Amino acid sequence: MAAATPEITNIGDALAGLVHQFADPWAFLRELVQNSIDAGSPQIDVRIDHDAARGTMIVEVADAGEGMSREIIDTRLTRLFSSAKEGDYTKIGRFGIGFVSVFAIDPDVVCVDTGRAGEWWRVVFRRDRSFERIRLHDPVEGTTVRLYKAASATEVEAARERARETLAYWCKHVKIELHLDGERVNGPLDIEGLCKVRHEEEGTALVMAIVPEAEALRGYYHGGLTLHEERDASLPYIAYKIDSRFLEHTLTRDNVIRDANYAKAMTIVQEVARGRLLDQVFAALERIAAGEAAPAEERELLYRCAEAPFNFRYAQPRWLMMKVLPTIGGPPVAMKTLRDQATARPVLRATAMSPLVEAMRAEKHFVMACAARDAIDTLVYTATSTWATAISQWCTALPLAPEEARSWAPLCAAMAALLKTRGWKVREVTVGRFDYPESAIAERVAITQGRFGEVTKVEDIGLMASGWLASGRVLVLSALHPTLLQLRAVARREPELAAYLAIKSFFLHGELSSTMDAELASAAAEARWRRMGE
């Protein structure tokens with residue numbers, strides 16, 4: 001029975017279109033794996049061999065599924081093909097659409113051995129898409145598809161690598177055992193990351209975790225077969241893989257269909273991400289804030305994730321109550337606690353314990369354990385609408401041991417006397433240390449304070465100009481400043497000279513006029529003359 005020429009042309013065009021619909025020719029392996037899974041096979045074995053004598057590559061896909069009877073062969077497998085014996089053309093069938101992809105790598109021959117209900121068949125397809133059906137006398141288990149193609153040894157090795165890449169991507173999570181040349185290539189639906197959660201409901205399995213990339217992986221699967229994988233930042237730092245009955249691939253297998261069913265799957269994703277996953281994140285942060293060890297990059301990442309729900313307005317009130325913010329020298333605090341108290345006094349930040357931190361904590365300040373604009377500081381901003389203030393905006397002076405303090409007495413006494421002759425009303429000249437962690441005054445020669453050792457704003461310590469020296473404050477010298485250390489030694493022999501040079505060192509920016517300099521020098525010389533004459 002001959003078919004009309006136009007009909008043959010249309011079917012041929014349809015076959016060509018189906019064969020070349022996939023971007024990757026080796027994606028035919030995915031189609032065969034899907035057919036085997038649909039047939040109920042618990043295992044699929046893919047082998048790639050080389051017949052060197054004939055220069056032929058053999059690609060074999062064997063399953064242990066329910067196989068095909070003649071009726072299935074005729075009504076499903078060969079519906080797209082012309083029969084060598086019968087020469088008939090029929091309508092496109094679902095099974096055939098996937099099977100025709102075997103021709104994407106342009107094989108010379110395709111052989112299908114299959115059997116069911118006590119009958120066994122071999123179907124041989126030629127390059128021109130014609131085929132013949134042959135009855136077999138020996139039993140066949142399941143279905144085995146073999147492709148034969150002329151190839152060199154080098155081409156076979158390249159094909160084996162392509163097959164491995166194809167199976168590892170498209171079939172990575174199929175729920176049966178899948179082997180390539182005896183090596184398993186699939187595994188469970190899983191993802192690497194922090195705070196991993198799993199969710200299952202009828203027809204849907206989901207795994208989700210926190211990852212370093214804001215544009216995180218989104219993997220879509222159906223029955224373990226990859227439909228599509230992409231990256232976007234719709235849920236920052238949250239990666240997920242979802243295998244769902246609601247998901248289907250497009251005809252070209254290059255994306256997932258974004259329809260009402262897809263929206264149902266995404267609703268599940270959002271509910272898990274904005275519920276159980278972030279509950280895990282905040283629970284982990286509570287443990288970290290309380291002292292549990294964690295790598296710095298993990299801490300930073302989790303705090304970044306904790307910020308996101310507040311920015312995107314899907315935060316849960318319970319997270320505000322969790323004590324996730326670490327402090328220096330004290331227990332962790334909750335975001336709500338900071339929010340309630342931030343109006344009374346500024347929230348501070350520091351990176352290490354210091355006497356200044358202790359002093360600020362004694363004044364009821366929260367001192368957060370963070371650096372400027374890091375993830376913790378950002379979460380403080382989220383809670384309080386203001387950044388934590390650097391503790392280095394304040395300063396203090398640390399006392400010396402009594403014996404060390406006595407070594408500075410000659411210089412301090414001479415300076416107090418010399419300042420008094422000029423009418424500068426300094427209440428006391430003393431010495432302290434400025435070298436605590438995060439000190440803003442470590443390089444200073446001296447500072448002034450209302451009383452020694454108090455917490456003073458850096459902007460209020462003065463630049464040693466005459467206005468400050470006339471204010472009745474305490475002048476605190478730096479015990480570690482190299483210039484003053486040299487002058488301390490000089491003061492044992494020439495205290496007046498050392499005092500004069502020390503005062504000059506306060507005016508390094510030109511505030512000391514030549515007249516004032518001359519008056520200081522004269523006063524120092526006169527004081528020395530009186531001392532020498534006594």
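Since the structure is predicted, the reported quantities are computational estimates derived from the model, not experimental observations.
- A donor-acceptor pair is defined here as one N or O able to donate and one able to accept, closer than 3.5 Å; such a pair exists between the side chain of N186 and the backbone of L178.
- Not one N or O on the side chain of H249 forms a donor-acceptor pair closer than 3.5 Å with the backbone of L227.
- Between Y148 and M57 the shortest side-chain heavy-atom distance does not fall below 4.5 Å.
- Listed by first and then second residue, the side chain to side chain donor-acceptor pair (under 3.5 Å) pairs that reach into residues 365-386 are R304-T378, sequence neighbours excluded.
- One finds the CZ atom of R361 at 10.5 Å from the CD1 atom of I391 (value rounded to the nearest 0.5 Å).
- The line from SG of C195 to CZ of F282 is 10.5 Å long, rounded to the nearest 0.5 Å.
- Here the side chain of D108 pairs no donor or acceptor atom with the backbone of R126 at under 3.5 angstrom.
- The closest side-chain donor-acceptor pair between E358 and Y436, if any, does not fall under 3.5 angstrom.
- Partners of Y220 according to the ring pair (Phe, Tyr, Trp, His ring centres under 6.0 Å) rule, which considers only residues two or more places apart in sequence or in another chain, are Y262.
- Rounded to the nearest 0.5 angstrom, M68 CE and T143 OG1 are separated by 4.0 Å.
- Within the structure, the salt bridge (charged side-chain N to carboxylate O under 4.0 Å, His left out) test picks out the following pairs touching residues 115-124 (sequence neighbours left out): E66-R116, D113-R122.
- Counted by atom type alone, S36 and D63 present one or more donor-acceptor pairs between their side chains at under 3.5 Å.
- To the nearest 0.5 Å, atom CG of residue L379 and atom SG of residue C305 are 11.0 Å apart.
- For H199, the side chain to side chain contact (heavy atoms under 4.5 Å, CB included) criterion is met by E201, L206, I268, V272, R276, not counting sequence neighbours.
- The aromatic rings of W26 and F28 sit tilted, their planes meeting at an angle between 30° and 60°.
- Sorted by first then second residue, the salt bridge (charged side-chain N to carboxylate O under 4.0 Å, His left out) pairs that include residues 209-218, not counting sequence neighbours, are R218-D232.
- Among V269, I242, I191, the one residue that satisfies the side chain to side chain contact (heavy atoms under 4.5 Å, CB included) test with M208 is V269.
- For Q43, the CD atom sits in a packed shell: over 12 heavy atoms of surrounding residues, nucleotides or ligands are nearer than 6.0 Å.
- By the salt bridge (Lys or Arg N to Asp or Glu O under 4.0 Å) test, R135 pairs with no residue at all, sequence neighbours left out.
- The CG atom of L217 sits 12.0 Å away from atom CD of E192, with the distance rounded to the nearest 0.5 Å.
- With rounding to the nearest 0.5 angstrom, the CZ atom of F366 is 10.0 Å from the CG atom of L325.
- Side-chain atoms of N35 and E31 form no donor-acceptor pair, as typed in the model, at a separation below 3.5 Å.
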